[in-house]
Amino acid sequence: MSDSEVQSEVHPLLEGLSLSADAYIRGNVARDAPYVPDRLRPSIIDISDRLATVLDALFEIDALCDDAAVLGLMAESQHPFGDISAYQAHRMFEAHKSCLDGAFPEALFRLTNAFNATLQAASADEEQIDLARIMREAGGGWQFSAVRSEHGSGVGRTDQPLGGAPYAEGRQLREWPPLARVSDHQQSELRRQLRDQHECMQAALTAILKAHGPALLELVDRHNAMMQNFERRSRE
């Protein structure tokens, strides 16, 4: 998906959700607001907490997509790291990619569980998130642990030395940054993997927002309207 498509399809929904959440959900206004009926307060607090959890997971996913985009841009640049060697930069990119490999699926699971549970708690007649389908449609990059580079951390080829030091000129080099080297092929392959990773992450976020963003925004708006009604009636 192009940057313009992301701007037109993803960002407006995220902005709308963020603005709507500012009204009553962030900080769970229902917990202390004097105008909320005591008999309804527990259930309203529960829904507000659930919506906050969904939104936190959603915005975390968006932030991780941004992290992946920045990481890819840094890897594509012509080594702007001063005295840091190409090998050291390569290892740094691999480490951050590995973090994203774990953090993004975990955030997706949190979002899915929280969203589907919120629909049930609110008795909302909306389609639940089918994460397996989202993952399939996002592409083959979902096998994150399998697309790490050849000398990545613990995954991939088994003929690499312990510690992940790469080979250069047919011999093993010690994994000491001033001596270690990384080939052009290894750098190119990692850049490709970073691009694939970002594209898959962005595709998943976009698919979730297009399919479920409007329903989530409606739930948030309904909660806000209920709170506004309580607040208005308390002033009458």
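Predicted, not measured: the structure shown is a model, and the values here were computed from it. Below, each value reflects all heavy atoms present in this structure, side chains not excepted, and no hydrogens, waters or symmetry copies.
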Any side-chain hydrogen bond (donor to acceptor under 3.5 Å, both in side chains) pairs touching [range], not counting sequence neighbours?
range            : value
residues 119-129 : none
residues 49-59   : N28-D49, R31-D49, D46-R50
residues 103-117 : E60-R110

Which heavy-atom pair separates [X] from [Y] by the least distance, and what is that distance?
X    : Y    : result
G213 : L13  : C-CD2, 4.1 Å
A107 : A57  : O-CB, 4.1 Å
A207 : I134 : CB-CD1, 3.8 Å

Could you tell me the separation between the [atom1] atom of [X] and the [atom2] atom of [Y], rounded to the nearest 0.5 Å?
X    : Y    : atom1 : atom2 : answer
I61  : L111 : CD1   : CG    : 4.5 Å
C65  : E199 : SG    : CD    : 12.0 Å
L71  : M92  : CG    : CE    : 7.0 Å
L209 : L58  : CG    : CG    : 5.0 Å
D101 : K97  : CG    : NZ    : 4.0 Å

Results of salt bridge (charged side-chain N to carboxylate O under 4.0 Å, His left out) for R41 - residues two or more places apart only: D38
Before giving the answer on side-chain contact (heavy atoms from CB on, under 4.5 Å), spell out for V70 and M74 the whole-Å C-alpha distance, their side-chain angles and the decisive distance to 0.1 Å. CA-CA 6 Å; V70 171; M74 292 176 65; 4.0 Å; yes
Among residues at least two apart in sequence or on other chains, which ones pass side-chain contact (heavy atoms from CB on, under 4.5 Å) with [X]?
X    : value
L217 : L17, S20, D221
D66  : D62
R235 : E231
R26  : S18, A21, D22, F59

Output yes when a side-chain donor or acceptor of T206 lies under 3.5 Å from a complementary backbone atom of A203, and no otherwise. no
Residue pairs involving residues 207-229 (criterion ring pair (Phe, Tyr, Trp, His ring centres under 6.0 Å); sequence neighbours excluded): F115-H212
Just checking, is any N or O donor in the side chain of E189 or Q193 under 3.5 Å from an acceptor N or O on the other one? yes
Transitively linked via ILVMFWY side-chain contacts under 4.5 Å: M135 with V10? yes
If hydrophobic clusters are built from ILVMFWY residues whose side chains come within less than 4.5 Å, do M201 and L73 share one? no
Would E137 and R133 pass as an ion pair if we require N to O under 4.0 Å? yes
Determine, stepwise, if the pair L55 / L216 fulfils side-chain contact (heavy atoms from CB on, under 4.5 Å). CA-CA 9 Å; L55 292 168; L216 177 57; 4.0 Å; yes
List, by chain and then residue number, the residues other than L19 in its hydrophobic cluster (Ile/Leu/Val/Met/Phe/Trp/Tyr, side-chain heavy atoms under 4.5 Å); write none if there are no others. none
Running the 4.5 Å side-chain criterion over Ile, Leu, Val, Met, Phe, Trp and Tyr, what cluster does I44 land in, apart from itself? Y24, V29, Y35, V36, L40, M226, M227, F230
Sorted by chain and residue number, the side chain to side chain donor-acceptor pair (under 3.5 Å) partners of R39 (sequence neighbours excluded) come out as none
Given side-chain contact (heavy atoms from CB on, under 4.5 Å), test L194 with E76 step by step and report yes or no. CA-CA 10 Å; L194 290 172; E76 294 284 352; over 6 Å; no
